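Chain letters run A, B, ... following the sequence lines, proteins first and then strands; every chain starts at 1. What you are looking at is a predicted structure, and each value in this text was computed from that prediction instead of being measured.
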Amino acid sequence: MLDLRTIRENEATVRNALAQRGAGVNLDDLLRLDQERRATLQEVEGLKSERNTVSKEIGARKRAGEDTQAQQERVREVGRRIAELDERVRTLQTDLEARLLRIPNIPYRETPVGADASGNRVVREVGTRPAFDFEPADHVALAERLGLVDFARGARISGAGFLVYTGWGARLERALVQFMLDLHTREHGYTEIQPPLLCHAATMTGTGQLPKMAEDMYTIEADGLYLIPTAEVPVTNLHREEILDRPLPIKYVAYTPCFRREAGAAGRDTRGMIRVHQFDKVEMVQLVEPEQSYAVLEELVQQAETVLQRLELPYRVLELCTGDLSFAAARCYDIELWAPGQQDWLEVSSCSNFEDFQARRAGIRYRGPDGKPRFVHTLNGSGVALARLYVALLEHYQQADGSIRIPEALSPYVGGIDRLTPP
RNA sequence: GGAGAGAUGGCUGAGUGGUUUAAAGCGGCGGAUUGCUAAUCCGUUGUACGUCUAUCAGGCGUACCGGGGGUUCGAAUCCCCCUCUCUCCGCCA
């Protein structure tokens with residue numbers, strides 16, 4: 001959420017930034033509502049001040065045994081007017097809030113300007129894509145041949161887009177999760193969190209999933225709950241409506257399943273495990289001082305890259321342009337893995353700085369050097385997303401004999417074996 | 001799911017309609033005193049919104065005693081609804 005005062009005082013800058021994102025926002029109505037709210041507030045607060053004074057006087061005179069009938073009647077009138085104006089302020093306030101919650105964040109000043117994904121900038125490409133002396137298979141064939149994933153039974157029990165990992169396939173998934181958690185907790189200084197997977201509306205609003213992305217989430221209507229699309233949601237909201245009493249930065253890492261309806265993506269990537277309704281992800285979240293947030297963003301990207309470097313997989317880092325930035329992000333890097341079976345790049349991480357956009361929505365503050373509360377900056381980065389990592393790993397490490405080599409760093413997590421072989 | 005008890009400032013805890021613009025204590029901050037530490041003494045103390053001014057600061061106003069609504073000239077206090085916590089019962093991995 002943007003600060004209303006910022007919008008008021010920097011109207012041109014805000015308009016320009018939102019235009020670069022391609023966001024159609026009616027600022028005129030917003031500013032008019034703001035104007036009316038402040039005017040009405042001034043009027044009603046004046047009346048309340050008057051009422052407080054007179055009421056106090058009535059109390060004093062009653063104690064002195066004087067008649068206060070006339071005064072009481074007069075104040076009753078004032079009270080009626082106050083009730084009307086209060087109602088008006090409430091309406092304006094609600095309307096303003098609803099509009100503010102739908103305005104996306106302002107992009108970082110160096111963000112490349114572009115209309116869509118084609119405007120993204122390749123920051124670097126690391127590692128070399130493998131050369132095969134045979135025709136590389138895709139992950140669906142590999143997973144089926146090795147008995148790692150059962151696509152048909154996933155569809156049978158839950159529908160298309162749900163996976164069943166079996167035997168060594170399940171073991172490999174667990175190994176990857178554990179490998180990443182160990183890396184981030186032991187070497188990168190994160191505290192591990194296991195949050196709820198169902199969150200209510202206030203939490204979903206805090207990080208920006210609501211109100212705009214409601215149709216992307218699975219809902220539990222009977223209880224007013226939503227399945228989390230990412231651990232970012234519960235973990236960032238851990239400190240909702242708090243003035244933090246601990247030193248910054250706060251660094252959390254969480255493994256959770258993620259649930260996405262992929263409502264707008266029907267028919268895309270339907271084959272295999274590239275776009276599924278449920279996948280595992282290890283997510284890093286940081287709450288930091290505003291002055292540090294852009295340095296921390298670089299740190300996050302490197303920590304996500306470390307996962308891929310240890311697994312010896314080739315990848316590239318992109319900076320998203322204004323038109324491709326997600327709703328709440330001010331600056332975002334995506335990391336993509338090369339998948340030989342797809343002959344394409346797969347997004348496995350998204351590292352974003354939200355500045356104070358989420359903190360303002362969620363009310364997450366800390367005390368600055370002057371002791372006054374300030375909003376923190378929030379960041380998160382996948383470290384990294386499974387399913388797609390799994391795809392790239394299978395396709396990258398496939399051998400001519402049909403086996404899958406296990407990279408050295410991962411081997412201890414699968415009981416020391418160095419390859420998966422067909423049964 | 002049923003019954004009961006509770007929710008007050010950073011913490012403990014008083015307060016059942018107007019001298020409470022929330023007592024007192026603890027803690028925090030500033031100062032005094034003091035070889036050092038401790039102790040003692042004095043002062044100070046939250047958040048949001050609005051507004052004004054001599055605007056790296058402050059003044060004024062409004063609201064905030066779990067959340068929302070109501071009664072009243074006036075609500076922490078009375079009434080209604082909700083949430084959460086605790087205790088007991090039931091159910092249960």
In terms of ring plane angle, is the pair A:F162 and A:H277 parallel, tilted or perpendicular, where the classes change at 30° and 60°?
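Answer is tilted, since the angle falls between 30° and 60°.
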Please verify the inter-ring angle class for A:Y190 with A:H188; under 30° counts as parallel, over 60° as perpendicular, anything in between as tilted.
perpendicular
Please work out if A:R8 contacts a base, only the sugar-phosphate, or nothing of the nucleic acid, heavy-atom cut-off 4.0 Å.
sugar-phosphate
Scan A:Q42 against the nucleic acid and name what it touches under 4.0 Å (heavy atoms): base, sugar-phosphate only, or nothing.
sugar-phosphate
Take atom [atom1] in [N] and the same atom in [M], then report the distance between them in whole Å.
N: B:rA14; M: B:rC84; atom1: P; answer: 26 Å
N: B:rG4; M: B:rA93; atom1: P; answer: 28 Å
N: B:rC29; M: B:rG69; atom1: P; answer: 39 Å

Taking only the side-chain nitrogens and oxygens of A:S49, find out if one of them lies under 4.0 Å from OP1 or OP2 of B:rG61.
no
For B:rG69 and A:R90 - does any side-chain N or O of the residue sit under 4.0 Å from the phosphate oxygens OP1/OP2?
yes
Proximity to the side chain of A:P373 - top-ranked nucleotide from B:rU47, B:rC73, B:rU62
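Per side-chain heavy atoms of A:P373, the pick is B:rU47.
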To the nearest 0.5 angstrom, please state how far the CD1 atom of A:I404 sits from the CG atom of A:L420.
6.5 Å
Hey, could you give me the OH/CG distance between A:Y390 and A:L346, rounded to the nearest 0.5 Å?
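So the OH of A:Y390 and the CG of A:L346 are separated by 15.0 Å.
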